[in-house]
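Order of the sequence lines sets the chain letters (A, B, ...), proteins ahead of strands, with each chain counted from 1.
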Amino acid sequence: MNEWIVRRELTRTGAEGAWALTALDGNGVRQGSLRIRPNAGTVQPRFWYRCGLSLHGATELQVQRLAPTLTLCSDLNGFHEIEDIASDDAAVTSLLLQAARVWLSHEATHTRAFIELRGPSAAGSSTDSAFFRAVSRHFLPADASRLHKELSRGCWPAALAGLLPRHPIYLDLLPEDVRKEMASGPRSAPQLIQALESNGLVSGQFVNVVDGGRVACGTIPLPALAEIARWREASSNPTRSGSDASSSFGAGSLSIDVADDVVRLTL
Amino acid sequence: MSPETDLDFDRFIVRPATVGDIDSLERFAIASAYGITTLPADRDALLERLSRSQRSFENRDAAAGDEIYLFVLEDLAQRRVVGTSGIAASAGLGRHFFSYRNETVVHSGSEAGGHMRVHTLNLCQDLTGATLLTSFYIEPAYEGTAAAQLLSRARLLFIAQHPGRFSERIAAESPGLADEAGHCPFWEAVGRRFFGLDYPEVERLAVGRTKAFIGQLLPQSPLYVALLPEEAQWAIGQLHPVAIGPFEILEQEGFDSDTYVDIFDAGPISDARVSTLRTVRDSRVARAAARPHDRESGEPSTPHLVSIARQDEFRAVIGHVRDSDGLVSAQVARRLGANGHALLRISPLISSDSFAGGQHE
């Protein structure tokens, strides 16, 4: 039996509150953490670009073209934002997300969440990306470093709303390096991507308005029975290698005990 | 042969084009730069346009609005046609005339958010129904003479004489940047992304079609100019070198060229109210003098554009008008084939340091 504890600490940063979740193993050793900002964007609206397709067709010429577009939207306002994931283990990340789901189920009306992934070419700053140079800088304030700092703290200046483009941006009209950059996907670690996807958070629909980085979003589900079975099987074969989410979990059932700001997960 | 000086303008005359001019027009179409869609390099298409133009000149009935009028410039000394120009009575009537409208919008953030000026191109049909000046071409050897002024402005005299046949709004497309192979930076950055065709190919497609396909294929929402490649940005509103001379003539007349650009090559589209154009505004009806002007005696006179007022026998030349009584020289009237009682329409010739010939659409 493996017993895990996830502690929750309530914090307040920016205009909206946040939870800091820390995962401790059976020995009480910290294994990972993340932060959740419930119902993000409901106090200070935020924006993303929605990735879409626009059909252009001329019956006279019998020509049809599907043109990829980016359209400013606020679709994810009200979703819970996941950020600052500090974990190298997909299993631990998954554990934290499940614990988060528990609290969200109890205290929020839904478990829809999103996470902004690092842009594909951002070496250290969003403003280094080809997307920023080709798109964002034409709309956002010149003081990009200050902007990046504020956005990193989750502070979305209300001033930004009026500066962003209201009409669709056609990706085909952007420089080739931007299109390549956006097609290459996030630079985030594969294990993180795997953990997110196995918890219902998938990228491809939205991107960040600063560096064009992908946004993974979706509804965090309860773990499927098949998933639990996989964890059980992995636990019964300790020599099996791999980096899937089940590798760190033990056998048995998944039980969850919520008390105060602690979730106990027994596997 | 090279008519170098303004004084040589006695040898030029503008008249309606006929099907007999097909060889000349075909020659001009082949020699034209990309972007002159109203001079298709197709003999049958040119013949059709010439026939249509002849019918338009001969039609005494109320104008339907789909008329076109093609003119040719003759060098009487050389006895040949050396240029052409045209008018389309109503751009896009029953069809669509698309252009991009230049706009600058201000995106403003609240409080300390500042603001950004954003240049956009907006697909529009503002110029649908406007009268279009088209098909301008003059042989390079005639650049630098008053012949180009005559060829371009004679059309405006015709419009001034027959206002009921034309719109009060007038426009003229000038070719934008494209090289001899048809490579056009604006087309490569924008149009090709939606049409998937080479620039010369889409030009051919545009002739004789309703052009509704343009509005269906191009984005209906504004394009953000800053997001386009630099080469394409720079091409917006830029002229093909061959268009500089005719464009200057339009500017002298009072056309505005900052608002609209062509959807294919982003060349400037000049537009104006007909009544404000210099040639139209300053034109008046005049009569011929009974005897020739004697310039050598020192009678003051001023060079004017002079045209005969009849629709189907339109002719235009540059000639002197006596300052004292505003009468047109009898010699000029004879060149027009006008008798002493004929009504003539005249307008002062705008002087220019260089009469540069060239092309516009």
TODO: Mark yes when over 12 heavy atoms from residues, nucleotides or ligands other than B/E48 sit less than 6.0 Å from its CD; otherwise mark no.
DONE: yes

Task: Minimum side-chain heavy-atom gap B/H107-A/L164 below 4.5 Å - done: no

Open item on the list: Would you say that B/L227 contacts A/L174 through its side chain, given a criterion of any heavy-atom pair below 4.5 Å between the two side chains?
Closed with: yes

- [ ] Classify the angle between the aromatic ring planes of A/F139 and B/Y224 as parallel (below 30°), tilted (30 to 60°) or perpendicular (above 60°).
- [x] perpendicular

Open item on the list: Taking A/Y170's backbone N and O only, do any of them form a donor-acceptor pair with B/R193's side chain (distance below 3.5 Å, no angle check)?
Closed with: no

- [ ] Using a cut-off of 6.0 Å, state whether more than 12 heavy atoms not belonging to A/E81 lie near its atom CD.
- [x] yes

Open item on the list: Are B/L218 and A/H56 packed together at the side-chain level, in the sense that at least one heavy-atom pair is separated by less than 4.5 angstrom?
Closed with: no

- [ ] Give a yes or no on whether A/E107 atom CD has more than 12 heavy-atom contacts from other residues, nucleotides or ligands under 6.0 Å away.
- [x] yes

TODO: Sort A/I169 into side chain, backbone, both or neither according to what part of it lies under 4.5 angstrom from a heavy atom of chain B.
DONE: side chain

- [ ] Would you mind checking which part of B/A189 comes under 4.5 Å of any heavy atom in chain A, side chain (CB onward), backbone (N, CA, C, O), both or neither?
- [x] backbone

Open item on the list: For the CG atom on A/D88, are there more than 12 heavy atoms of other groups (residues, nucleotides or ligands in this structure) within a distance under 6.0 Å?
Closed with: no

- [ ] Kindly compute the distance separating CZ (A/R166) from OG1 (B/T120), expressed to the nearest 0.5 Å.
- [x] 14.5 Å

Task: Exercise: identify the closest heavy-atom pair between A/L173 and B/P229 - done: O-CD, 3.9 Å

Open item on the list: Taking CD in A/Q64 as the centre, count heavy atoms belonging to other residues, nucleotides or ligands within less than 6.0 Å. Is the count above 12?
Closed with: no

TODO: Check each atom of A/A134 against the heavy atoms of chain B and say whether the ones under 4.5 Å are side chain, backbone, both or neither.
DONE: backbone

TODO: State whether the side chain of A/H138 and the backbone N or O of B/A226 hold a donor-acceptor pair below 3.5 Å, judged by distance alone.
DONE: yes

